Amino acid sequence: MDVSVGERKVSSFDSKQDSAQDGGDPMSAMQRKLLGTRFQYFTDADGQVEKVEGLEELMREIKTIGKPQDQAIFQQMFSGDILKEYASFGGMMTNRPVTIGDRWRKTKDFVSPVGVMATDMEYTFKSWEQHRDRKCMRIAVCGQHFSQTRCDGSKQSPTKT
């Protein structure tokens with residue numbers, strides 16, 4: 001994940017590279033904590049996330065890493081409200097019947113601590129999975145999130161993540 005403000009790169013993280021190559025980037029150790037972290041999302045009938053479990057444990061671990069200002073940035077980027085927005089699939093589902101292998105693209109804007117976030121995501125129906133007594137879709141998601149404007153509406157250079 002590369003984070004840039006305008007043309008200036010402020011952070012770069014590659015989960016595939018050895019942690020010794022993180023180059024002192026204060027956010028890398030925190031982002032590494034995301035690897036393998038499991039969140040459980042509880043949704044309503046319309047696919048809107050009502051509750052996220054697993055976030056409290058991650059945030060406790062983050063408090064042991066880095067400087068307080070870096071921790072605060074991380075906590076804003078991955079707050080419960082932000083994770084709910086990223087994972088609320090109600091508006092992101094296609095309005096047509098799909099079969100395994102089908103893909104669809106959706107875009108969405110929402111307000112976050114860094115401004116108006118835009119998402120451009122591609123969804124792929126991978127398979128059916130059985131969870132307890134429910135048959136659930138396994139959907140792969142690939143795309144990008146980036147900020148468009150500040151919360152006050154003024155223009156800002158895009159921050160891509």
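Worth knowing before you read on, the calculation uses all heavy atoms, side chains too, and leaves out hydrogens, waters and symmetry mates. Values in this document were obtained by computation on a predicted structure and should not be read as measured data.
- Nearest approach of Ile65 to Gln71, heavy atoms of both residues: O-NE2, 2.8 Å.
- How far CD1 of Ile62 is from NZ of Lys33: 7.0 Å, rounded to the nearest 0.5 Å.
- Ion pairing between Asp102 and Arg96 holds under the 4.0 Å rule for side-chain N and carboxylate O.
- Within the model, atoms NZ of Lys67 and CD1 of Ile73 stand 10.5 Å from one another, a figure rounded to the nearest 0.5 Å.
- Note on Lys63 versus Glu61: no salt bridge recorded, every NZ/NE/NH1/NH2 to OD/OE distance being 4.0 Å or above.
- When every heavy atom of Arg132 is checked against every heavy atom of Gln130, the shortest pair comes out as O-NE2, 3.4 Å.
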Next on the checklist: Evaluate Phe42 against Glu53 for side chain to side chain contact (heavy atoms under 4.5 Å, CB included), listing each step before the verdict.
Outcome noted: CA-CA 8 Å; Phe42 296 85; Glu53 286 187 358; 3.6 Å; yes
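- A side-chain donor-acceptor contact under 3.5 Å links Thr119 to the backbone of Lys108.
- Contact of the Gln75 side chain with the Met59 side chain is registered, since non-hydrogen atoms from C-beta on lie closer than 4.5 Å.
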Next on the checklist: For Asp70 and Met30: C-alpha separation, side-chain torsions, deciding distance, then whether side chain to side chain contact (heavy atoms under 4.5 Å, CB included) applies.
Outcome noted: CA-CA 9 Å; Asp70 296 330; Met30 288 181 243; 3.3 Å; yes
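- Between Lys84 and Val52, the closest heavy-atom pair is CG-CG2, 3.8 Å.
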Next on the checklist: Apply side chain to side chain contact (heavy atoms under 4.5 Å, CB included) to residues Arg105 and Asp120 and explain how you reach the verdict.
Outcome noted: CA-CA 7 Å; Arg105 175 169 242 104; Asp120 180 10; 2.8 Å; yes
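- Looking at heavy atoms from C-beta onward, Leu34 lies in side-chain contact with Leu58 at the 4.5 angstrom threshold.
- Closest approach of Leu55 to Phe78, counting heavy atoms only: CD1-O, 3.4 Å.
- Residue Gln48 holds its CD atom at 9.0 Å from OG1 of Thr43, rounded to the nearest 0.5 Å.
- For CZ of Arg32, the number of neighbouring non-hydrogen atoms (other residues, nucleotides, ligands) closer than 6.0 Å is greater than 12.
- Side chains of Tyr123 and Lys106 form a contact here, defined as non-hydrogen atoms less than 4.5 Å apart.
- Leu83 is listed as a side-chain neighbour of Tyr41, based on a closest heavy-atom distance under 4.5 Å.
- Remark: Phe125 engages Trp128 in a ring pair (Phe, Tyr, Trp, His ring centres under 6.0 Å) (not counting sequence neighbours).
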